[in-house]
K.L.:
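Below you will find the structure I want to go over with you.
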2 protein chains.
Amino acid sequence: MALDSIDKEILRILQRDGRLSNRDLAAAVGLSAAPCLRRVQRLEEQGYISGYAALVDRDLVGRGLTVFVTVRLAQHTKHAIERFEAEVGKDPAVLECHWTAGETDYLLKVAVADLPGLDRFLLDRMTRIPGVATLQSGIAIRTVKHTTAVPVD
Amino acid sequence: MALDSIDKEILRILQRDGRLSNRDLAAAVGLSAAPCLRRVQRLEEQGYISGYAALVDRDLVGRGLTVFVTVRLAQHTKHAIERFEAEVGKDPAVLECHWTAGETDYLLKVAVADLPGLDRFLLDRMTRIPGVATLQSGIAIRTVKHTTAVPVD
DNA sequence: TCTGAAATTAATACCGC
DNA sequence: GCGGTATTAATTTCAGA
């Protein structure tokens, strides 16, 4: 169940290069291919590795504007919450949605093309969801750091 | 330079499964292996695909608490900005850091174990950076949605 | 659990279309 | 550009320490 230092090193390496060949990974952690593969498969089966993803350049595919949108609902009925979360779940521009403690209810990370795209997202999508009371947008002028790699220690 | 519909489909599929074999990818987009591989290599070379990553379960590796920290600097000197960004860049708990428009200067997405871990992050790391004036933390009670897949259209 | 070799499967370069 | 084939390299299984 627990991870030893080799498992942790595997997770660190695969977070940086998810397509590293098993042979190279094995060499990097000081194992031969067979046991390395078993460890990776175990990490996948037990859910430590939930998947693999190609990372796509947002600017190049025309989604270069990242915006953090905070949402407050008018009422916290079960129906309003479920409706909002369902809408957000199927909107591909919403990369993340977190139910947060504090003044606002949700924090969304949204990928749009530009300011007109943000306008359309807010007007055509968010404000049309019943129960959405207020919306505030924090525009990312520059992304200083962006990684998918969680520290494993 | 531009992407046709098959390129876009490749990006969509590889964002969902970055380790799909080239043969299966080729079948999924209706090509044979050779031209499919050529397209993937082109997407990598031209930067549309910036990399591949294993996605690691945060709860299982003891980083289950996601916190959004907003930071205000005391003064916007070149030195203070560079110092802050350098510190944040090398802190593995900081998954994202965005320079934002609006009231606060930076929005950080941080992965910690629990509330004591957040406390340590704020006290031992953030408040020790010269020039950091105020910190506010928005704790993610529940993550409704979380994807690395950018819409490609 | 590891190693090392064998069998299977995939990646990739080449050529004809 | 694509597709098919040949070659090369990788993954994966299995016997044995």
Side-chain angles (χ1 to χ4, degrees), chain A residues 1-63 147-153, chain B residues 1-63 147-153:
Chain A
M1 191 69 214
L3 303 181
D4 68 13
S5 62
I6 297 179
D7 293 320
K8 291 173 184 173
E9 187 64 12
I10 289 172
L11 289 180
R12 282 188 285 265
I13 292 172
L14 287 182
Q15 284 191 105
R16 277 190 272 114
D17 182 2
R19 265 201 141 162
L20 194 65
S21 78
N22 181 61
R23 291 183 52 187
D24 292 347
L25 177 62
V29 301
L31 285 177
S32 58
C36 184
L37 182 66
R38 274 200 303 273
R39 282 169 182 265
V40 172
Q41 288 172 337
R42 190 188 130 238
L43 291 168
E44 291 168 356
E45 281 159 17
Q46 299 189 348
Y48 288 93
I49 296 172
S50 59
Y52 298 88
L55 304 177
V56 165
D57 188 298
R58 295 234 267 273
D59 290 313
L60 289 182
V61 297
R63 292 277 179 169
T147 179
T148 57
V150 179
V152 179
D153 39 30
Chain B
M1 190 73 215
L3 303 181
D4 67 14
S5 63
I6 296 179
D7 293 320
K8 292 174 183 173
E9 187 64 13
I10 288 173
L11 289 179
R12 282 189 284 265
I13 292 172
L14 287 181
Q15 284 191 104
R16 278 189 271 114
D17 181 3
R19 265 200 140 162
L20 193 65
S21 78
N22 181 62
R23 294 181 57 193
D24 290 349
L25 177 62
V29 300
L31 285 177
S32 59
C36 184
L37 182 67
R38 277 197 297 269
R39 281 167 181 265
V40 171
Q41 288 172 338
R42 190 188 131 238
L43 292 168
E44 290 167 356
E45 281 158 18
Q46 299 191 346
Y48 288 94
I49 296 173
S50 59
Y52 297 88
L55 305 177
V56 164
D57 187 297
R58 295 233 267 272
D59 290 314
L60 289 181
V61 297
R63 293 275 179 170
T147 179
T148 58
V150 179
V152 180
D153 38 29

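Note that the structure is a prediction, hence the values are computed from the model and not measured. Chain letters run A, B, ... following the sequence lines, proteins first, then strands; residues in each count from 1.
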K.L.:
Residues two or more places apart in sequence or in another chain: which of them pass salt bridge (Lys or Arg N to Asp or Glu O under 4.0 Å) with D59(A)?
P.N.:
none
K.L.:
Can you name the residues that form a salt bridge (Lys or Arg N to Asp or Glu O under 4.0 Å) with R39(B), not counting sequence neighbours?
P.N.:
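With sequence neighbours excluded, R39(B) shows a salt bridge (Lys or Arg N to Asp or Glu O under 4.0 Å) to D4(B), D7(B), given in chain and number order.
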K.L.:
Sequence neighbours left out, what passes side-chain hydrogen bond (donor to acceptor under 3.5 Å, both in side chains) with R19(B)? Give chain and number order.
P.N.:
Y52(A)
K.L.:
Taking side-chain hydrogen bond (donor to acceptor under 3.5 Å, both in side chains) as the definition, give me every residue that meets it alongside E9(B), ordered by chain and number, with sequence neighbours left out.
P.N.:
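Applying side-chain hydrogen bond (donor to acceptor under 3.5 Å, both in side chains) to E9(B) gives R12(B).
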K.L.:
Which atoms form the tightest heavy-atom contact between R42(A) and L3(A), and what is the distance?
P.N.:
NH2-CD2, 3.9 Å
K.L.:
Main chain of L55(A), side chain of S50(B): is a donor-acceptor contact present, judged purely on distance under 3.5 Å?
P.N.:
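Here the side-chain-to-backbone pair exists.
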K.L.:
Which angle, to the nearest 10 degrees, lies between the helix axes at the two ends of the helix from dT1(C)-dA17(D) to dC17(C)-dG1(D), each defined by five pairs?
P.N.:
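End-to-end axis angle: 20°.
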K.L.:
If you look only at distance, which donor and acceptor atoms sit under 3.5 Å apart when one is on a side chain in residues 26-36 of chain A and the other is two or more places apart or in another chain?
P.N.:
none

K.L.:
Please report the closest heavy-atom contact between T148(A) and Q15(A), naming both atoms and the distance.
P.N.:
O-OE1, 3.6 Å
K.L.:
Residues from residues 26-54 of chain A sitting under 4.0 Å of DNA chain D, heavy atoms only?
P.N.:
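Contacting residues: A33(A), A34(A), L37(A).
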K.L.:
Do you know which two heavy atoms are closest between V56(B) and V150(A), and how far apart they sit?
P.N.:
O-CG2, 4.5 Å
K.L.:
State which residues pass side-chain hydrogen bond (donor to acceptor under 3.5 Å, both in side chains) with Q41(A); sequence neighbours excluded, sorted by chain then number.
P.N.:
none
K.L.:
Among residues 10-24 of chain B, which contact DNA chain C at a heavy-atom distance under 4.0 Å?
P.N.:
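Listed by number, they are S21(B), N22(B), R23(B).
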